[in-house]
Every structure is written in structure tokens, then in C-alpha cells.
Q: 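Mind having a look at this structure? Questions to follow.
Below, chains carry the letters A, B, ... as their sequence lines are ordered, and counting in each starts from 1.
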Amino acid sequence: MSYIEFRDVVKTYRSGTVPLNALDGTSFHIEKGELVVIVGQSGAGKTTLLNILGGMDRLTSGSVLLDGKEISQMNNKELASYRRSDVGFVFQFYNLIPNLTAYENVEMASQLVSDPIDCDTILKEIGLTDRKDNFPAQLSGGEQQRIAIARAIAKNPKLLLCDEPTGALDYQTGKAILKLLQRLSTEKGMTVVIITHNSALTAMADRVIKLKNGQVSSDSTNPDPVSIDEIEW
Amino acid sequence: MTPYLKTTFRSIKDSMARFIAILAIIALGVGFYSGLSLTMPSFIKTGDKFIKETKLYDLRLISTVGFTDDEIEEISKVKGVKAVCKATAEDVIVDVKGTDHEGEAVRFHTITEGVNELRLTAGRMPEKDNEVVLDDYKCHEEVLGKKVIITDANSQKKQGVFRYKEYTVVGIARSPYYLNFQRPNTDVGTGSLMFFVYVPQGGLNTSVYTDAFIFCDTEYKTYSDEYEEFIAKEKKIVSKEVKQIIDKRSQEGWKGCLYSALFTLNSTVRVLDGEKYIKPDLYVLGRDTNVGYMAFENDANIVAGIADVFPVFFFAIAALVCSTTMQRMVSDERTQIGTMRALGYSEFSIIMKYVIYSGSASVTGGLLGYLVGTKLFPFVIWMVYDMMYGFAPVEFESDFGLFVVSMSVSLLCSVGVTIVTALAELRGMPAELIRPKAPTPGKRILLERIGFIWKKLRFTHKISLRNVFRFKKRMWMMIIGIAGCTALLITGFGLRDSIDGIVDLQFDEILCYDISFTFMDDVKPSDMQKVKDDADTHFGVKRKSALLKAVNLKHNGSDAIREVTLFASGDAEVTSLLKARTDGNEMPWPEDGTIAISSKLAAKNGLKAGDMITFGVGDDGQEVSVKIGYVFDNFIFHYAYMSDKTYEEVFGERYVPDTLMIGGNEDGSEDVSDYDYAAYIGENDTVETWLVVNDLRTQFRETVGKLNRVVILIIGCAAALAFIVLFNLNNINITERIREIATVKVLGFNRRETGAYVFRENVLLVLMGFAAGIPLGIALHAFVIAQIEMDTVTFMVRILPPSYFYALGFVILFSVIVDLVMRRKMDRIDMAESLKSAE
């Protein structure tokens, strides 16, 4: 069995009069330590998929397993503890707590789990040790996103989920962020899932999953991922 | 519908909680303000209607020689007199056969026509002379058809006054003459009248009618200054003319009726001003000597006193909350404002959206508040008063001016603030507005500089502390809001403390006697003592007693003329019946040459021990001056004490006691009821009147109880206000931090932790607000006490410790409820949705 299993997942939204299947029988699997890029156009169901995988939303039918744990059957409390100990999130808009310093934002996450990674170590890792006492408003977008990544990995999660992590950043800064994510995967063996609409990023992935209308249109492994430095778009 | 209106209405729909919060707080503010303001006018209107419809007398004539039909005829021609009717009353002991009214003292009034008309509540008016109507206040429909029997317990002479031995009850009615529940004292039976009986003139054998009631049918509103002025003039005219009419008669007719006239006078006047003896003559009395009439105005005034202070405070809090909420909304929608400007909407039309929003909330709330408040408050408080009055259903007064004022204030608070805030936001360029405003940056707080404390704090506590100080405006608003509500609650509970204890204190710790007897003139002190010893022997007890001289004095103070009861005594026992405390110490009976006066009298005139005080004696302008020896604590009425020697020195006459005060049993047992004991002594011919202190106590407890119920109503409203304030502030707090809450949820905070993340700072703010509310509450309490002060009743300015706890309890309870509601709201926050947008 794979590290992550997505089996026939259907997610139906009933907001209007017509039920909308954001995910319509989606199936795929991810192995431990892989860097996965999920691509697809707007409305393909990328974010829904990530929300379900991250325990932020429930599915309508199907099942999702992480490391043998069934996520789709969890209640709210179990989901909270799943998010707490197993998943790290990185968002397009960093969502740092504005009145906590960079260090404290990371510390806040690390205090939630029993086996966190030392905050100072992480900050050193992402190269922001000298900005640790700054508040988010005093940091640039790239710096904020790096803090957000640090916050996500401080919990030592099994899975790092990134939703358009470079969406709000300029080209160079975005590249730096992706490089950091790639390094986490190759050097630390972290399982990283990146959602993007930028197909150019597929070259850096171990596995590429293409979504179309809520279904997997292609699922392929990349035997020879290139470094982000070599990708241009 | 244009998209412009759609966005406005959708704004309302999407933020229903906020819309309703504004609406509710305006409704509460307007309702409380207008409701309480109109309560007294509504009561006066109710009283006015009833008094006019039942034609309550404007002037009451009492002649010790009685009125003849011819004289009545002549009086009816006096200028201003619409109707006049002679009347008399007779107190007697009766049984109402087949009911539990047995051996009760009642007062028979003759039915008057064109004045003091009865309002039947059941049955019909008497048609025959042996038919009567009973007091609706004390009797119920079960008495209809029953017989009122003049019992043999009455003297032969008394029985002779009544033409029949039995009277049939044909109806029960309310009389304007008895507006309230109180029935006067009497010299028959136990000394307290149980109810009144109205009988046709032919039902009594009386030939002399000592009373004549005049009805003037004025259009002036009852209790108004115009009425007072009118009646003062009319009184002069009537006095002059009636005096002439009566003087025409020879002095022959006098003698036979002297006694009963005296009695009638006594019973009326005594209750009001303590007058014990009045020389036989013609008296022209206004309604101000009618107990019910005066009590009604006083009680209405109590509400008015409270209505003066509370609503202003209430409104202030409402305005504060309302304005902050609107400010919040405009700031929240700044991106939208920018978009609309970029699209080319004018500033005016953008602002109008928010004006419509807040305007419709406050107009609806204001209307609702006014309509409900002006009905609810008079109605509920009237219900409270119903046990005391209840002579008619409450009439609602309305006041357009008041409506306009309260609406204007609420519009100012909502629409006014909206315009100011929106204008401030609009000053930015559209491009600037479209970009999201940078979130309030985090800042280090003062506490962080104190490293040894800060380092020890738990991480989540650090966040809360920083958050508290991060949103300065919200912090102040929360603190002010909670402080205001706390102050209201403390005031409410404190009022109870101030009011509750005084009756017991007065009658347990100050006036410690149980019964007082006034003897006829010329009764020797030794005979008084004998009467008492005889009663002791009869009942087999030994009660404390003292002999004194009671004198009614007038003190012409800077602000008012006060009736002061002076007790002069040389009896060593007197200090065990009239106790007094001064500066927390027991006060001795004043030394010769000095007088002790009660606290209010001293305070109102700026007098202290060592000063001289001057009293007026009687009606002929005689004055006496004496040095103040002590000022003692006292809560009800005004008293002065002096020794017998001082009395003789000051008044220049021999000290002869006329009053016997009876205290409890010397051994502390409670074998004999005060009423039995009083009735036994009252049998003696030498006793003129007596007073059982318990009656006085009951009467005051009723008065004070009324005030208490009004206070409870206020506590209720303060509580409602506190709730809305808390709810609204929390709602704002959560709405503006949805992203933050979603973030911590995503990070894996569980439900409890997420709640704590937000509410910990609330708890801190609530506690800070509460702490700030304590001094405010103490000040407001003192202020309100000063406002509701009555001249004859002194409230203690005190707030007992439990009251603070109750107030805190309420604030905490509301916080918890709001917390629970808000937790549900937080549960519904969609993490994915909230974090996606740039907002």
C-alpha cells in the first residue's frame, strides 16, 4: 500500500440548485518522500483535493488514507488532531498571525506537537535567523512565505501541503521558495504536495498528477526531476 | 431593483447579526429612555382620568358645627363651585355574615352626588337606605348579597347612629377618596380600619353633616402647577364665603356634634402631618390632605427620579456600541468602497449605502423601542403598583418631542458616525482602497520589557495579552462598555442594599417602641402609668414603657419646611425605647439645655452639634431656639429629642407628658400581640389615639418594596444591555479575525484551543472592564440615591459586598453565553474558504 491513497473520491457541493461535483471519482497514490506537483486549470478541483487531503473538508464518497490511516471517516476532533500532528500547510497568502514575531509564529506551531523541530534550527535552515524578531508586517512577501513554510514544517508533519505557494510572489522569490520545498523533499525526505496551475513546475516533481474536471487525467512519475534552477517559465 | 440597492440589502442580509445588534441596542436605549421618561406622565394621566371621571373633591369643608341643607344650597352658588354635597362618616365595628370579615372596624361614608363618585366593580349602587356598597380593594365579589351587621361590641351611642342593624351588600366599588391601599386609623376596634362602606344618607341617623365636598370641574391636569394655583385661589374664595355663611348661624347648633367632627379631623390630618389636636372651627382642605392622592403623586415621582438618571447612561452606552459597530463595517468594506469609486460611483451614493444600512437599523430600532418602551415600562411598573393602587388600567402617555429627541440622538450615533467614518475612508484614492489594508501590525507590549514575567508566561497567554493591546479602539470600547454595564448592575444591586435595610433599622434600632398612646389633655402622668400597669397585670407581662411629651414642630429650612416630631422626656426608661446612634456610638439622651436632631434635618440645613436651631411652634408664628447637642442617625421622618428640663426652659411652660410609649417585654418574651395590648389600653376613655408601630413599619415596607421592584426592572434592563454589548463586541471581534481563526484551526488547534485563543482576551477585557466599572458604579449609585431621595426617607449610601459579586456573576454569565454562541459561529468558519482570498 502506498503512503497516500486517494480512492474514488467524490466531493459534491450543493450550494446552488444544481449539485456540483468538484471531485468526481478521483484516484491516485503518492509514495513517501515524493515531491508531487498537482496541476490543473482553475476549477479542476485542485484546492478541493488539497482541502480533503489536509483534513480541512469532508468528502462525499470514496476514501483517503495517509500512512494507513483512514482520514475520510474522521470526526471534527480527530480531524483537528490529524491537522495538528500529520499535516503542514503553506498557503498562497501566507496567513501568518500578524501580532506574533517570525520566531513566535514558528514557535506557535511547534508547541502544538510533542516532537517538534527546533525553531532556531528551522529558521537557520530557511535563512531568516536575523529576522526572527520581526513582525510579519515588517517582512517581505518571500520572507513571510518562508516563515509560513518554517511554521508548517516545525510540527514535523508527515505531509507538507502547498496551495499555490508562489502565487503571490515575484519570479525570483517564487523560485527561491520552490527551491526550499524541493530541498525539503530531497534532503529531509519530506513528502511535499504542491498545487499549481503552472505546468512548468512539473519538471521538478517526482510525480505529476494532472486534474481535469475533478478527475485525474494523467498520473506519471518523473524518474529524473530537474533542479528548480534549471526550470524557466 | 438596481444593483446599488441590491448590494445594500444584501449587506444587511449578510450581516444580520450586526444589523440586529444595532437595531436592538438602539431599541433598548430609546425604549428605556422614552419608557421610563413617560412612566410618571402615564401614571399621572391614569390618575387624572380616574380622578376626573369619578369627580374627586377639589375642596373639603369641615365644620365643627356641621352643614345644613340651606348652607349647602348657598355654598353651591359660590364662584367656581360646580357641585357640593354634604357628607359624614362613622367608624364602627361590623361582621359581614358568611365571610371572614368578623369584628372588623370599618368606616361608613354617606354616598355623595356629583362629587367623590364611586366606580362599581361589581353589583349595583344602593337603591334603598339599608343597602350598601363595599370597598373593592379589600372585599371581593363573594360579599355581594351578604349582610353587614353592626355588632353589639359598639357602644349604645354608636349603635344609635345607624338606622338599621343590618345592611345588605349590593355592590363593591372603588372610591377616588381612597386612591391607594391605605385605610386610615380609627378609634374603634384595633385602631386600623379594614375597609370602607358607602351607604345612602338615609341609612344613618346623623342629623349633622360635618363635611361638605366641593367639586369644581376644572380642566387643569391633576397634580399640575396650574391646578395648584387654581385651587389656592379657589380655596381663598371658598374660605371667605363659607365662613360668612356659617357665621350667620347662631352658636346654638354647636355642641352636639363637636366630638365627631374632632374625630374626623384627627383621623384625616393625623396621618399626614402628625397633628394631634386642632381647635374646633371651619376648615377648608384641599386634596393635599388626602392620603391616597398624595401617596400616588409621591410614588409616581419615585419612578420619575430614577427615569432622570438611568436612561442617559443607558443611551450613552448604546451610542458608543452603535458607533463602533458602524465604524467597523465601513472599514471592513473598504475594498468594496474602492471598487465602487473606481466604477465611478459618487462619494455621496457610496456613503448613502451605509447611511441606509445604519439608518434603517436605527430608525427601525428607535421606532420599535419607542413603541414598546412607552407601553412596556408604564405597564410593567403599573403592575408593580397595582397592589397599591390598581384603581384603573394604566393610560399611556405619549410625547412627540421626546420621540423626536431620542430618534435624533440615535440617528446621530448611527448615521452621524457612519458619515464621518465613511468620509474618512473615502479620502483615499480608489487604487489605494482596493488594496487590502495592512493588518494591524503586531507590537511589543510594555509587559514584554519585564522579562522575568514575560518569559514565564505560557505562549498562548502571550498572544492573548498582545491581542488585547493590539486593537486599542476595541479594547477601549469593550472596557467602557463592560464598565458601563457593570456600573448599572452595581447601582441596581446597591440600590437594593441602600433601600432594603432602612425600615428594619429604623424600627428595630432607632424607634424601639411598639405602641404609643396619646392621652386626652389633663390626664395625670400617674394615671397614665396606672393604665399601663393595669394592662400588664391583665396580660401577665411586664412591658417596657416611658412617658413623654410629643410636640409637632416645623423647621423652616433653606430648602423646605419640615415637620419634626419632638420627643421631650425626663423618663429614665426613654433611652431604651428611643435609641440613637451618632458617629457609630450610642448616643445618650441630650443634656439639659440641648437638643438632639435627626441626621437629615441637620444635613439638609448644614447644621452640626453646637449650632443653634430654630423651630416654629403651632400656627401662630411662635418660635423656639435651642442649641444642638447631638445629630443622630435616622432614616424615616425627622425627629428631635430633649430632656424635660430643656422643654420647660425652651417652651416656657411646665412639662406634662401626654404620650405613653410601650416597648417589648422586659424579659424579652413575646407573649401578647401589640394589637391586643393596644386595644385593651385603648378601651380607657382617657386615651385619645394610639399607634401600633408595626402598622407604620408595614406601610414603609410597602413603599420601599415598590422602589425595589422598580430597581429590579432596571437591573433587568442593565443586564440586557450588558448582554447586547458583549455580544456585539464579540461578534465584531470574530468577524474581523476570521482569517486568523481559520489559520489557527488549520494549524490544528482543536475546538477548545481555538475558543480559548479568542476568548482568553475577552475574559481579560471583561475583567478590566469590570474593574473600571466598580468606581463608576459607586459614583452612579451615590448619584442615583441623591436623585430618588425623599425628604422623609433617608437611604443609606451603601453597597454590600455580595452586590459586587452579583454584578460580576451577571457579567461572567453573559460572557459565557456569548462565548457559547460565538463558538458555534467559529465552528462554522470555513477554513479553506477564509484562507484562499487575499481579502
Q: Is the B:Phe749 ring parallel, tilted or perpendicular to the B:Tyr757 ring (thresholds 30°, 60°)?
A: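 Perpendicular.
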Q: Just by distance, no angles: are the side chains of B:Tyr357 and B:Ser15 close enough, under 3.5 Å, to form a donor-acceptor pair?
A: yes
Q: Would you mind checking which part of A:Asn51 comes under 4.5 Å of any heavy atom in chain B, side chain (CB onward), backbone (N, CA, C, O), both or neither?
A: side chain
Q: Should A:Arg151 and A:Met108 be marked as a side chain to side chain contact (heavy atoms under 4.5 Å, CB included) after you check the CA-CA gap, both sets of side-chain angles, and the distance that decides it?
A: CA-CA 8 Å; A:Arg151 179 177 67 181; A:Met108 178 183 187; 5.8 Å; no
Q: Picking from B:Val744, B:Asn750, B:Leu747, B:Asp827, which has the most non-hydrogen pairs under 4.5 angstrom with chain A?
A: B:Leu747
Q: Given the options A:Lys155, A:Arg84, A:Lys77, which has more heavy-atom pairs under 4.5 Å with chain B than any of the others?
A: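 Option with the top pair count is A:Arg84.
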Q: Please confirm whether the backbone N or O of A:Asn75 pairs with a side-chain atom of A:Glu78, one donor and one acceptor, at under 3.5 Å?
A: yes
